[in-house]
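The sequence lines fix the lettering, A, B, ..., with proteins before strands; numbering per chain opens at 1. Because only heavy atoms are used, hydrogens play no part in the values below, and waters and symmetry mates are left out as well, while side chains stay in.
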Amino acid sequence: MPSFLAEQTSIWYQKNARDLPWRHEGVGAWAILISEVMLQQTPVSRVLTVWQEWIERWPSPADLAAEPAGEAIRAWGRLGYPRRAMRLHECAGEIVRRHGGEVPDELDKLLALPGIGDYTARAVLSFAFGQRHPVVDTNVRRVVSRVHHGVEDRAIGLAEVAELLPLGQSDAALASAALMELGAVVCAARSPRCGVCPVMAECRWKQLGSPQPEKPFRRPQSYAGTDRQVRGLLLAVLRESAAPVPRHRLDLVWPDGVQRERALQSLLADGLVQAQSCDVFLLPDSTPAQ
DNA sequence: CTCCCGAAGT
DNA sequence: ACTTCCGGAG
């Protein structure tokens with residue numbers, strides 16, 4: 001059932017879409033998959049440079065799979081959540097071993113790959129293969145919740161979004177990109193730009209006076225002082241060092257020895273760091289995928 | 001300090 | 001259903 005929301009947003013998108021390099025003609029499924037993983041938790045502006053480096057260095061899954069995981073972690077730079085880099089490396093290996101080196105174009109096969117969840121699998125199918133799938137990230141949830149239900153945070157499921165997409169494959173893929181773009185640049189969480197919104201006239205949320213949620217949703221933890229920050233500091237040292245790093249150099253980045261050790265152990269457990277000996281550490285140099 | 005906002009493990 | 005996992009911009 002093509003909806004007013006999907007149709008109007010698609011028209012708007014064709015005039016107002018940002019010119020992002022992974023949207024260019026001829027960009028392959030692997031490059032799009034990389035972009036979606038990088039964008040999972042990181043703003044566009046920070047992804048641009050690293051994505052370009054990755055696709056030039058590793059234009060196919062086989063190119064990435066042929067290198068040690070540590071190279072992916074190093075090239076991830078400061079994008080954050082570096083387990084994504086490790087999973088992308090594992091993902092490349094799986095694509096080579098199980099799919100002949102080509103990104104699969106079926107939902108169940110994508111969902112089975114490491115680091116690929118409900119959102120990313122459908123984003124790749126839509127944006128790389130032009131298929132019709134509900135691509136639901138928090139932007140899309142917010143847009144649909146506001147426009148159709150008039151509230152900030154109604155639970156929006158895949159089925160509901162599937163129903164509002166146009167029936168044609170390429171029209172649906174376009175609408176999915178458009179809904180995400182609208183949520184990102186117009187129907188923003190904090191500062192919505194309703195004055196330029198293509199669906200303002202039929203937005204339930206706007207009609208109701210842009211009601212805020214009953215519960216303001218408190219964010220329990222800040223980043224400063226968390227294990228995540230310490231892990232980031234430790235990994236940065238290893239990333240920027242060509243040679244293995246002795247423990248005493250890691251001791252410099254954080255004063256609390258208990259937390260520092262806990263962070264180091266969790267990095268080892270995640271496979272983001274390897275111990276060369278009991279007091280020397282390096283990025284993983286696991287043998288490339290066979 | 002706040003905002004950003006997906007995958008996977010439990 | 002709830003928690004862990006980053007880091008830069010404002």
Side-chain angles (χ1 to χ4, degrees), chain A residues 32-51 72-91 94 107 110-127 133-146 152-153 155-158 161 176 179-192 212-213 215-240 253-254 259 262-273 283:
Chain A
I32 290 175
L33 188 156
I34 292 172
S35 79
E36 288 299 340
V37 172
M38 289 182 172
L39 291 163
Q40 275 170 7
Q41 207 71 160
T42 307
V44 167
S45 61
R46 286 166 54 202
V47 166
L48 289 168
T49 308
V50 181
W51 179 80
I73 295 166
R74 200 186 302 278
W76 195 250
R78 299 179 171 190
L79 292 184
Y81 299 112
R83 289 188 298 193
R84 289 183 292 167
M86 208 177 50
R87 291 188 182 129
L88 213 31
H89 180 263
E90 295 169 12
C91 182
E94 292 291 284
L107 182 61
L110 280 167
L111 286 171
L113 293 170
I116 308 297
D118 284 337
Y119 164 76
T120 307
R122 290 173 177 82
V124 169
L125 291 175
S126 298
F127 307 144
H133 295 276
V135 181
V136 185
D137 68 347
T138 59
N139 283 327
V140 173
R141 289 182 203 283
R142 184 176 59 255
V143 168
V144 175
S145 177
R146 282 176 174 172
E152 281 283 351
D153 48 10
I156 303 298
L158 295 176
V161 175
S176 290
L179 289 170
M180 293 184 57
E181 187 80 346
L182 188 75
V185 308
V186 174
C187 195
R190 301 295 164 186
S191 306
Q212 294 306 301
K215 294 178 92 175
F217 181 69
R218 296 288 165 215
R219 220 165 282 274
Q221 73 253 30
S222 66
Y223 171 58
T226 61
D227 285 4
R228 278 151 61 200
Q229 183 185 21
V230 182
R231 283 168 55 106
L233 293 169
L234 292 172
L235 200 60
V237 174
L238 295 166
R239 217 168 42 219
E240 286 148 29
V253 302
W254 193 253
Q259 188 177 22
R262 185 171 68 234
L264 179 58
Q265 289 304 320
S266 75
L267 287 169
L268 289 162
D270 286 346
L272 284 163
V273 174
L283 295 181

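Here the nucleotide nearest the side chain of A:Arg190, chosen from B:dC3, C:dC5, C:dG8, is B:dC3. If you check B:dA7, C:dC5, C:dG7 against the side chain of A:Tyr119, the one that comes closest is B:dA7. Here C:dC6 is the nucleotide among B:dA7, B:dC3, C:dC6 with the atom lying nearest to any side-chain atom of A:Arg228. When each of C:dC6, B:dC5, B:dA7 is scored by its nearest atom to the side-chain atoms of A:Asn139, the top-ranked nucleotide is B:dC5. Of all nucleotides listed (C:dG7, C:dC5, B:dC4), C:dG7 comes nearest to the side chain of A:Tyr223.
Separation of the C1' atoms belonging to C:dC6 and B:dC3 is 14 Å when rounded to the nearest angstrom. Taking the C1' atom of each, B:dC5 and C:dT4 are spaced 14 Å apart, rounded to whole Å.
Going from atom CE of A:Met180 over to atom P of B:dC4 covers 15 Å, rounded to whole Å. Rounded to an integer number of Å, the gap from A:Leu267 CG to C:dT4 P is 16 Å. Atom-to-atom, CG of A:Leu234 to P of C:dG7 comes out at 10 Å; the value is rounded to the nearest Å. Note: CD1 (A:Ile156) to P (B:dG6) measures 14 Å, nearest angstrom. One atom, CG of A:Leu88, and another, C1' of C:dC5, lie 16 Å apart when rounded to the nearest Å. Straight-line distance from the CG atom of A:Leu238 to the P atom of C:dC6: 13 Å, rounded to whole Å. One atom, CG of A:Asp227, and another, P of C:dG7, lie 13 Å apart when rounded to the nearest Å. Between the C1' atom of B:dC3 and the CD atom of A:Glu152 lies a distance of 14 Å, rounded to the nearest Å.
At a threshold of 4.0 angstrom between heavy atoms, the contacts of A:Thr120 are confined to the sugar-phosphate backbone, with no base atom among them. Here A:Asp270 lies out of heavy-atom contact (under 4.0 Å) with every strand. Using a 4.0 Å heavy-atom cutoff across all strands shown, A:Ala224 reaches no nucleic acid atom at all.
Counting only heavy atoms from C-beta outward, the side chains of A:Asp227 and A:Ser266 never approach each other to under 4.5 Å. Counting only heavy atoms from C-beta outward, the side chains of A:Glu36 and A:Phe127 approach each other to under 4.5 Å. Under the 4.5 Å side-chain criterion, counting only non-hydrogen atoms from C-beta, A:Leu272 is in contact with A:Ile73. With a 4.5 Å cut-off on side-chain heavy atoms, A:Ile116 and A:Leu33 count as touching.
Atom-to-atom distance recorded for A:Leu113:CG and A:Leu88:CG is 10.5 Å, nearest 0.5 angstrom.
In terms of modelled atom types and a separation under 3.5 Å, the side chain of A:Arg74 and the main chain of A:Leu283 share no donor-acceptor contact.
Each of A:Val135, A:Leu158, A:Val136, A:Val140 was checked for a side chain to side chain contact (heavy atoms under 4.5 Å, CB included) with A:Tyr119, and the lone residue meeting it is A:Val135.
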List, with names and distances, any nitrogen or oxygen atoms from the protein found under 3.5 Å away from nitrogen or oxygen atoms belonging to nucleotides 8-10 of chain B.
| from | atom 1 | to | atom 2 | distance (Å) |
| --- | --- | --- | --- | --- |
| B:dA8 | OP1 | A:Gly115 | N | 2.4 |

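For the contact set between residues 75-84 of chain A and DNA chain C, defined by any heavy atom under 4.0 Å, the members are A:Arg78, A:Gly80, A:Tyr81, A:Pro82, A:Arg83.
With hydrogens and angles left out, the side-chain atoms of A:Ser176 and A:Arg122 include no donor and acceptor closer than 3.5 Å.
Regarding contacts with the backbone of B:dC4, every side-chain N or O of A:Thr138 stays at 4.0 angstrom or more from both OP1 and OP2.
Few gaps surround CZ on A:Arg239; more than 12 heavy atoms of other groups in view lie less than 6.0 Å from it.
Residues A:Glu152 and A:Pro213 come closest through the heavy atom pair CG-CD, 3.4 Å.
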